[in-house]
Amino acid sequence: HYAEIYLISEVDGEEFPGDEQMDQRASDMCLAEFAGYVGAEYNYSELDYLYFSPDAETWEQGDRQVICAVGDPSGQITGSVQGSGR
């Protein structure tokens, strides 16, 4: 597989914060949980993370979830990377 989900979290707020702020919040959330899942600090890991977050349209529909996934930029991963220290 190319990535595995390691965090699904809700974003607080009544108003959509804007694309730039939402991207920053999502990135911060994913980065904060990366080392705890992978077993290595992001800056020392061979893995990378990506996220899916609400945009203005989906926010209006009630979407408040940030979904973080980890993968290997060089290709597919076999098995889980949880606790791998990679």
Side-chain angles (χ1 to χ4, degrees):
H1 58 283
Y2 288 100
E4 69 189 56
I5 293 171
Y6 68 96
L7 177 69
I8 299 174
S9 187
E10 296 287 321
V11 178
D12 295 332
E14 293 295 318
E15 305 259 336
F16 181 69
D19 291 330
E20 191 172 309
Q21 272 195 313
M22 180 55 67
D23 283 344
Q24 187 62 56
R25 288 166 94 178
S27 181
D28 289 348
M29 292 167 77
C30 294
L31 186 58
E33 299 297 323
F34 185 90
Y37 186 80
V38 173
E41 294 295 325
Y42 176 73
N43 290 337
Y44 300 104
S45 176
E46 63 190 48
L47 303 173
D48 203 357
Y49 70 89
L50 63 122
Y51 57 84
F52 304 93
S53 62
D55 59 22
E57 184 178 335
T58 62
W59 186 274
E60 289 299 317
Q61 298 168 2
D63 180 15
R64 301 290 188 276
Q65 285 190 333
V66 170
I67 301 169
C68 304
V70 60
D72 187 338
S74 65
Q76 290 191 12
I77 50 180
T78 303
S80 176
V81 297
Q82 185 175 14
S84 68
R86 294 181 52 198

Would you say that more than 12 heavy atoms from the other residues, nucleotides or ligands in this model lie under 6.0 Å from the CD of E20, or not?
no
What heavy-atom pair brings Q82 and S80 nearest, and what distance separates the two atoms?
N-OG, 3.0 Å
From CA spacing to verdict: salt bridge (Lys or Arg N to Asp or Glu O under 4.0 Å), E46, R86
CA-CA 6 Å; E46 63 190 48; R86 294 181 52 198; 2.8 Å; yes
Given side chains that start at C-beta, do those of Y37 and L7 come closer than 4.5 Å, heavy atoms only?
no
What pairs with Y2 under ring pair (Phe, Tyr, Trp, His ring centres under 6.0 Å), at least two apart in sequence or on another chain?
none
In Å and rounded to the nearest 0.5 Å, what is the CD to CZ distance from E14 to R64?
7.0 Å
So which atom in G85 and which in A40 form the shortest heavy-atom distance, rounded to 0.1 Å?
O-CB, 3.6 Å
Shared hydrophobic cluster for L50 and I5 (ILVMFWY, side-chain gaps under 4.5 Å)
yes
In the structure I gave you, are the side-chain heavy atoms of D48 and Y42 within less than 4.5 Å of one another anywhere?
yes
Side-chain heavy atoms nearer than 4.5 Å, only ILVMFWY residues, links allowed to pass through others: does that put Y49 and I77 together?
yes
Between Q24 and D28, do the side chains contain a donor N or O and an acceptor N or O under 3.5 Å apart?
yes
Enter the distance from T58:OG1 to F16:CZ here, rounded to the nearest 0.5 Å.
7.0 Å
Rounded distance [0.5 Å steps], SG in C68 versus CE in M29
6.5 Å
Hey, any chance L31 and F52 share a hydrophobic cluster, counting ILVMFWY side chains that come within less than 4.5 Å of each other, even indirectly?
no
Report yes if the side chains of H1 and Q76 come closer than 4.5 Å at any heavy-atom pair, otherwise no.
no
In chain order, what residues pass the ring pair (Phe, Tyr, Trp, His ring centres under 6.0 Å) check against Y51, with sequence neighbours excluded?
none
In sequence, state the C-alpha distance, the side-chain angles, and the governing distance for R25 and V66, and then conclude on side-chain contact (heavy atoms from CB on, under 4.5 Å).
CA-CA 9 Å; R25 288 166 94 178; V66 170; over 6 Å; no
Apply the test side-chain contact (heavy atoms from CB on, under 4.5 Å) to residues Y6 and V38: give CA-CA distance (whole Å), side-chain angles for both, the deciding distance (0.1 Å), then the verdict.
CA-CA 9 Å; Y6 68 96; V38 173; over 6 Å; no
Do other residues, nucleotides or ligands put more than 12 heavy atoms under 6.0 Å from the CD atom of E41?
no
